[in-house]
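The structure appears below as structure tokens.
Just so it is clear: chains get the letters A, B, ... in the order the sequence lines come, proteins before strands, and each one is counted from 1.
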Amino acid sequence: MPELPEVETVRRGLEGFVTGALIRDVEVRRDSCVRLTPGGADEFRGRLLGARIVGAARRGKFLWLPLGAEDALSAHLGMSGQFRVHAVPADAAPEPHPHCRARFTLEREGQELTLDFLDQRTFGYLHVEDLVPTPDSLPGGQGADLAAVPVSVAHIGRDALDPAVTPELAARLWRRGTRGIKQVLLDQTRVSGIGNIYADEALWLARIHPERPADALTARQARELFDAVRAVMERALAQGGTSFDALYVNVNGESGYFARDLEAYGRAGQPCARCGTPIVREVIGQRSTHWCPQCQRRPRRYAQRRGPVSR
DNA sequence: AGTAGCACCTGATTGC
DNA sequence: TGCAATCAGGTGCTAC
């Protein structure tokens, strides 16, 4: 569920809480939340005990806590993952929530802290892995944390708020292939961080039909789409992200407020804020997709591609 | 190489 | 009331 603005909200919350902390204890409450680790929960715990967290980093929706320059505690929130912080020792913290998959006891400046990883749908996961330099690392970087990424993140493209991604670069990455642009926006190997909500919102803002073939986008449309992605994400970030329910909250358990500003996502049947035409919803590429049939027209010449496929 | 389809889960909501 | 079907913010693997 969480997309870039939500994951960044979590990252910021973690950064202030865990930076400089020593990992004193690791309680894995559900083994399957530890993935990509041959030795499972035991290895996970073994590599973390005594390690010091030096920051909190993110690329797209992938999050990691570097343990120095060599390795990191990596996390992906999947559809429902959360981190929750308690500035008290574990024995004074609330009983773990039924969805709590792992509990960490940290020590920082002589204080014991408790960090919980919750995940209702269990698509999220944790692991410890090496940091590797990536070919597109920013020279000089934005601090040591960004000069390298975890192995599991190396195949992910730079994200939509990364200063190294220019509108021209995004246009080049997106205007390839014949799939609809909505599906291409969700492809994390191109420009990462965009999920189902912000894809629909950005396409609405840029007035582009979600099924327009990626290679039929003009360079100008692609640049406008990138501007739209950034605008939507920056506004969402300023409001702490989008919360529909308790499945997305920040590290303090608080909701984000961007849901009230959504113009397309989840608004099927309601009037478009620009023209009043009811927003439509249709499943495209197995994802629920929302758009204004008036503002986001499918050009006739491309509409033919939707016709019956001969086989 | 690029793309489509499905698998991985739990829980809330909807419909019969 | 009960039960089944449907839906949900994501990723990655397999097979074409």
Side-chain angles (χ1 to χ4, degrees), chain A residues 1-10 29-36 58-64 74-83 97-101 117-127 150-157 159-160 173-202 211 213-215 229 232-233 236-237 239-250 255-262 264-269 281-290 305-306 309 311:
Chain A
M1 62 119 314
E3 306 182 31
L4 192 157
E6 292 75 35
V7 179
E8 174 60 13
T9 301
V10 171
R29 300 175 60 84
R30 181 180 172 125
D31 283 356
S32 61
C33 83
V34 175
R35 299 204 202 146
L36 306 172
R58 181 190 58 74
R59 172 176 285 197
K61 308 169 198 172
F62 291 74
L63 188 62
W64 67 94
S74 279
H76 197 290
L77 302 180
M79 293 282 262
S80 56
Q82 308 181 354
F83 278 105
H97 186 279
H99 298 146
C100 178
R101 308 308 185 196
F117 176 68
L118 280 58
D119 191 14
Q120 182 208 95
R121 289 184 67 190
T122 73
F123 286 171
Y125 55 87
L126 305 171
H127 55 130
V151 174
S152 69
V153 183
H155 68 294
I156 298 300
D159 67 56
L173 293 168
W174 282 336
R175 294 175 64 211
R176 270 188 5 236
T178 55
R179 294 143 91 200
I181 185 61
K182 160 88 185 260
Q183 286 169 271
V184 169
L185 287 178
L186 297 179
D187 181 348
Q188 304 297 302
T189 67
R190 303 198 190 198
V191 176
S192 69
I194 305 163
N196 206 37
I197 296 176
Y198 299 108
D200 283 3
E201 291 302 302
E211 287 180 295
D215 59 8
V229 166
V232 166
M233 285 192 168
L237 189 51
Q239 297 187 57
T242 303
S243 298
F244 300 120
D245 51 37
L247 288 194
Y248 166 69
V249 293
N250 68 14
S255 292
Y257 292 96
F258 195 65
R260 62 182 66 165
D261 285 8
L262 295 176
Y265 186 88
R267 296 196 66 242
R281 172 189 175 278
E282 201 177 300
V283 174
I284 296 175
Q286 349 243 80
R287 307 303 298 275
S288 175
T289 300
H290 314 72
R305 296 200 191 194
R306 293 195 80 213
V309 178
R311 53 174 69 220

Note, A/S192 side chain near A/F62 side chain (heavy atom, < 4.5 Å): no
All stems with DNA chain C, defined as three or more consecutive Watson-Crick or G-U pairs under 3.5 Å: B:2-8 with C:10-16, B:10-16 with C:2-8
Sugar-phosphate, base or nothing in reach of A/S192, heavy atoms under 4.0 Å: nothing
Donor-acceptor contact present, side-chain A/T9 to main-chain A/N250, <3.5 Å: no
Polar pairs (N or O, both sides) under 3.5 Å between protein and nucleotides 11-14 of chain C?
| residue | atom | partner | partner atom | Å |
| --- | --- | --- | --- | --- |
| C/dT11 | OP1 | A/H76 | NE2 | 3.0 |
| C/dT11 | OP2 | A/K61 | NZ | 2.9 |
| C/dG12 | OP2 | A/H155 | NE2 | 3.2 |

For A/E201, all residues meeting salt bridge (charged side-chain N to carboxylate O under 4.0 Å, His left out), sequence neighbours excluded: none
Phosphate contact (C/dG9 OP1 or OP2) by A/Y265 side-chain N/O below 4.0 Å: yes
Whether A/R58 side chain and A/V7 backbone form a donor-acceptor pair below 3.5 Å: no
Sugar-phosphate only, base, or nothing, as touched by A/F244 at under 4.0 Å among non-hydrogen atoms: base
Test item: A/Q120 side-chain N/O and A/G81 main-chain N/O as donor-acceptor pair under 3.5 Å: no
Euclidean distance, atom CG of residue A/L247 to atom P of B/dT13 [Å, nearest integer]: 11 Å
Pairing residues for A/K182 by the side chain to side chain donor-acceptor pair (under 3.5 Å) criterion, not counting sequence neighbours: A/N196, A/D200, A/T289
Residue pair A/Y248 / A/E3, side-chain donor-acceptor N/O under 3.5 Å: no
Whole angstrom value for the distance that separates P of C/dG9 from CG of A/D200: 9 Å
Check: A/I284 main-chain N/O paired with A/Q286 side-chain donor or acceptor under 3.5 Å: no
Touch class at under 4.0 angstrom, heavy-atom based, for A/S32 against every strand present: nothing
Touch class at under 4.0 angstrom, heavy-atom based, for A/D245 against every strand present: base
Atom of A/D119, atom of A/L77 and distance for their closest heavy-atom approach: OD1-O, 4.2 Å
Any residue meeting salt bridge (charged side-chain N to carboxylate O under 4.0 Å, His left out) with A/D187, in chain and number order, not counting sequence neighbours: A/R179, A/R190
Rounded distance in Å - CG (A/D119) to P (C/dG9): 15 Å
Nearest-angstrom distance from the residue atom CZ of A/R35 to P of C/dG10: 15 Å
Pairwise P distance, C/dG12 and B/dG11 [rounded to whole Å]: 24 Å
Closest contact, heavy atoms only, A/T242 versus A/L262: CG2-CD1, 4.1 Å
Scan nucleotides 4-10 of chain B against the protein and return all N/O pairs shorter than 3.5 Å with their distances rounded to 0.1 Å.
| residue | atom | partner | partner atom | Å |
| --- | --- | --- | --- | --- |
| B/dC9 | O2 | A/R121 | O | 3.2 |
| B/dC9 | O2 | A/R121 | NE | 3.3 |
| B/dC9 | N3 | A/R121 | NH2 | 3.4 |
| B/dT10 | OP1 | A/R30 | NH2 | 3.4 |
| B/dT10 | O4' | A/Q120 | O | 3.4 |
| B/dT10 | O2 | A/Q120 | OE1 | 3.3 |

Span that lies between the P atom of B/dC6 and that of C/dT6, in whole angstrom: 14 Å
